[in-house]
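Just so you know, ligand 1 is whichever comes first in the structure, and atom 1 is the first atom listed for that ligand. Just the heavy atoms: all of them, side chains too, but no hydrogens, waters or symmetry mates, feed the values below.
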Amino acid sequence: MARRALITGITGQDGAYLAEFLLGKGYEVHGMVRPTTTAGFERTDRLRGRAQLHQADLLDQLSIVTLLTEIRPHEVYNLAAQSFVPTSFMLPLQTAECTALGVTRVLEAIRLIDPTIRFYQASSSEMFGRVKEEPQNEETGFWPRSPYGVAKAYGHWITVNYRESYNIFACSGILFNHESPLRGKEFVTRKVSDAVARIKLGLLDKLKLGNVDAQRDWGFAGDYVEAMWMMLQQDTPGDFVIATGIKHSVRDLVELAFRHVGLDWQQYVETDPTLLRPADVNTLCGDASKARAQLGWAPKVSFAGLVAMMVDADLERIARDLRREKSEEGWHRDDA
Ligand code: NDP
Ligand code: GDR
């Protein structure tokens, strides 16, 4: 009998990659979708007929209980969150309700319905914030710098607490930034790849950014979802940092992305103070030695490979949309 997995946040970037990965492993995949989804179904359309989608909300305890009772999954991957850092400064309470307390709601449902369900919590390098050491590992202390980071620190510790208190197989994956062509356009890598493609195609002439000195350890989402699954296949649960161990600045990212299409970034990029955060995380770089040793996990896609993949995907998508618009215009002219 196929193993059943429930993914919260299946309409997000990681949800799409994880669903595809689990289907490839022969899982019966179920996804939780908010009736008021903001991400929409663009990413889940490709899963149609292969993954089953169900309505529920991390803000609503009974909806989660009902869902677990219906599906009775073997594994739950809690990827749902208000995940954009600037929004967390604007909506700190909504962020806490979803990104922090939402974790407890899922854990409570597991405790009530079936404590043998294996649980993965999507924790974040944003918990390290103003870093206490470099690189950061599972023992590094937290100093979150945004309501989002604070909410994720709560989610991490409640996961540890339910493991220690109730013996639930609960793992916290402390994932550093991971990106892909499916990344939301509000995040800096995709904002850059989308703008570079538009500039190259003559549809845009400026790209406005905030803190270009910020440094991040960027990896490929496809590599990172594999680590989530690996954590739940261990004999004992634990917490793992997932990262490449290499950091780059936003400036490096921009330079590389423009160079990929033969342009000089300095002619197109402007800094905009309104895009600066009340407090930012200036540098992050992860040490994934534990994951390498215990899970046998290692990233496969390099930073340069990731940037090229994202810019090429946006070039292709936008050029395709342009062709479609032109051919539709042609149809309308013929009709007139
Ligand atoms: P996305 O923002 O792409 O996806 C977040 C998902 O959460 C969406 O499907 C969204 O659905 C869903 N969601 C938001 N609010 C609720 C709610 N109240 N109830 C149910 N679902 C909700 O994030 P990613 O895929 O990039 O990340 C996945 C997880 O990993 C997140 O928890 C994120 O914080 C965390 N993380 C991500 C990292 C990264 O670099 N990508 C790094 C470390 C951690 P919709 O809005 O459509 O309802
Ligand atoms: P982050 O990702 O906050 O690290 O959170 P994001 O891509 O938003 O920012 C990374 C860094 O780039 C700087 N920056 C800009 N960021 C955005 N979004 N837009 C800009 O115009 C811009 N200019 C500079 C930011 O200041 C920041 O320093 C992501 C999310 O996926 C979280 O959910 C996840 O937990 C962490 O990664 C790990």
Side-chain angles (χ1 to χ4, degrees), residues 7-18 31-44 55-60 63-64 67 77-88 94-95 97-99 101-103 105-106 120-129 144-146 148-149 151-152 155-156 172-180 182-192 195 207-221 224-225 228 241-243 248-251 253-254 269-272 274-284 286:
I7 303 173
T8 74
I10 197 165
T11 58
Q13 169 191 255
D14 290 6
Y17 279 96
L18 180 63
M32 179 179 130
V33 180
R34 295 196 273 185
T36 54
T37 174
T38 52
F41 294 96
E42 203 181 314
R43 299 186 188 98
T44 44
Q55 291 195 332
D57 193 313
L58 274 197
L59 303 188
D60 191 294
S63 72
I64 302 168
L67 194 58
Y77 295 86
N78 185 38
L79 308 187
Q82 189 304 97
S83 80
F84 189 45
V85 171
T87 300
S88 79
Q94 198 266 1
T95 301
E97 275 291 346
C98 173
T99 306
L101 287 180
V103 187
R105 292 191 187 98
V106 179
Y120 172 85
Q121 167 58 14
S123 292
S124 164
S125 52
E126 281 291 298
M127 302 187 302
F128 296 122
R145 297 267 287 167
S146 63
Y148 168 80
K152 281 289 178 186
H156 169 80
S172 171
I174 306 175
L175 272 52
F176 283 61
N177 299 54
H178 46 277
E179 321 292 316
S180 73
L182 299 185
R183 185 61 143 151
K185 283 188 198 148
E186 62 275 37
F187 300 97
V188 76
T189 51
R190 185 74 198 288
K191 181 175 173 179
V192 168
L207 165 60
K208 289 187 177 177
L209 292 173
N211 178 9
V212 292
D213 294 319
Q215 296 177 308
R216 290 290 185 278
D217 176 336
W218 279 294
F220 171 52
Y224 285 42
V225 298
M228 299 175 184
V241 160
I242 300 297
H248 296 273
S249 65
V250 172
R251 192 181 279 104
L253 160 74
V254 166
V269 175
E270 285 175 0
T271 47
D272 176 351
T274 65
L275 294 171
L276 297 175
R277 298 171 183 187
D280 203 355
V281 172
N282 293 322
T283 179
L284 284 173

With rounding to the nearest 0.5 Å, note down the distance linking [atom1] in [X] to [atom2] in [Y].
X      : Y      : atom1 : atom2 : answer
Ser63  : Arg105 : OG    : CZ    : 9.0 Å
Tyr224 : Phe176 : OH    : CZ    : 8.5 Å
Arg34  : Gln55  : CZ    : CD    : 12.0 Å
Ile10  : Leu79  : CD1   : CG    : 9.0 Å
Glu179 : Leu253 : CD    : CG    : 8.5 Å

Please state which protein non-hydrogen atom is closest to [atom] and give its distance, to 0.1 Å?
atom                    : value
atom 2 (O) of ligand 1  : Ser83 OG, 2.6 Å
atom 13 (C) of ligand 2 : Asn211 O, 3.8 Å
atom 18 (N) of ligand 2 : Glu186 O, 2.9 Å
atom 39 (C) of ligand 1 : His178 CE1, 3.3 Å
atom 48 (O) of ligand 1 : Arg34 NE, 2.6 Å
atom 4 (O) of ligand 1  : Gly12 CA, 3.4 Å
atom 9 (O) of ligand 1  : Thr11 OG1, 2.6 Å
atom 3 (O) of ligand 1  : Gln13 N, 3.1 Å
atom 31 (O) of ligand 2 : Arg183 NH2, 2.9 Å
atom 28 (C) of ligand 1 : Leu79 O, 3.5 Å
atom 27 (O) of ligand 1 : Asp14 OD2, 3.7 Å

Is the closest N or O pair between [X] and ligand 1 shorter than 3.5 Å?
X      : value
Arg183 : yes
Leu58  : yes
Asn177 : no
Leu175 : no
Lys152 : yes
Thr36  : no
Asn78  : no

Please could you name the atoms of ligand 2 that [X] approaches to less than 4.0 Å, counting only its heavy atoms?
X      : value
Ser83  : 30 (C), 32 (C), 33 (O)
Phe84  : 8 (O), 18 (N)
Ser125 : 38 (C)
Gly210 : 21 (O), 22 (C), 23 (N), 24 (C)
Ser124 : 34 (C), 35 (O), 36 (C), 38 (C)
Val85  : 3 (O), 5 (O)
Val250 : 12 (O), 13 (C)

Could you tell me which atoms of ligand 1, counted from 1 in the order shown, lie closer than 4.0 angstrom to a heavy atom of [X]?
X      : result
Met32  : 20 (C)
Ala122 : 29 (C), 30 (O), 32 (O), 35 (C)
Ser123 : 43 (C), 44 (C)
Asp57  : 17 (C), 18 (N), 19 (N)

Within the distance-only criterion (no hydrogens, no angle test), does the side chain of [X] pair as donor or acceptor with the backbone N or O of [Y] below 3.5 angstrom?
X      : Y      : result
Asp217 : Gly286 : yes
Gln13  : His178 : yes
Arg190 : Arg183 : yes
Glu126 : Phe128 : no

Heavy-atom pairs closer than 4.0 Å: do any link ligand 2 to the side chain of [X], the backbone, both, or neither?
X      : result
Asp280 : side chain
Leu209 : both
Gln215 : neither
Ala214 : side chain

Run the side chain to side chain contact (heavy atoms under 4.5 Å, CB included) test against Asp280 and tell me which residues pass, sequence neighbours left out. Asn211, Ala214, Arg216, Arg277, Asn282
Residues passing the side chain to side chain contact (heavy atoms under 4.5 Å, CB included) test with Thr271, sequence neighbours excluded, are Val212
Would you check the N or O atoms of [X], main chain and side chain alike, for any that come under 3.5 Å of an N or O of ligand 2?
X      : result
Leu275 : no
Val188 : yes
Thr189 : no
Asn177 : yes

Minimum heavy-atom separation for Met32 and Ala56, please, with both atom names. CG-CB, 3.7 Å
Select the closest option to atom 8 (O) of ligand 2 among Arg277, Lys191, Arg216, judged by heavy-atom distance. Arg277
Which is closest to atom 34 (C) of ligand 2 in terms of heavy atoms, Phe176, Tyr148, Phe187? Tyr148
Is the closest heavy-atom distance from Tyr148 to ligand 1 below 4.0 Å? yes
Would you call the rings of Tyr17 and Phe220 parallel, tilted or perpendicular, where under 30° means parallel and over 60° means perpendicular? perpendicular
Under 4.0 Å between heavy atoms, the region of Cys98 that gets near ligand 1 turns out to be side chain
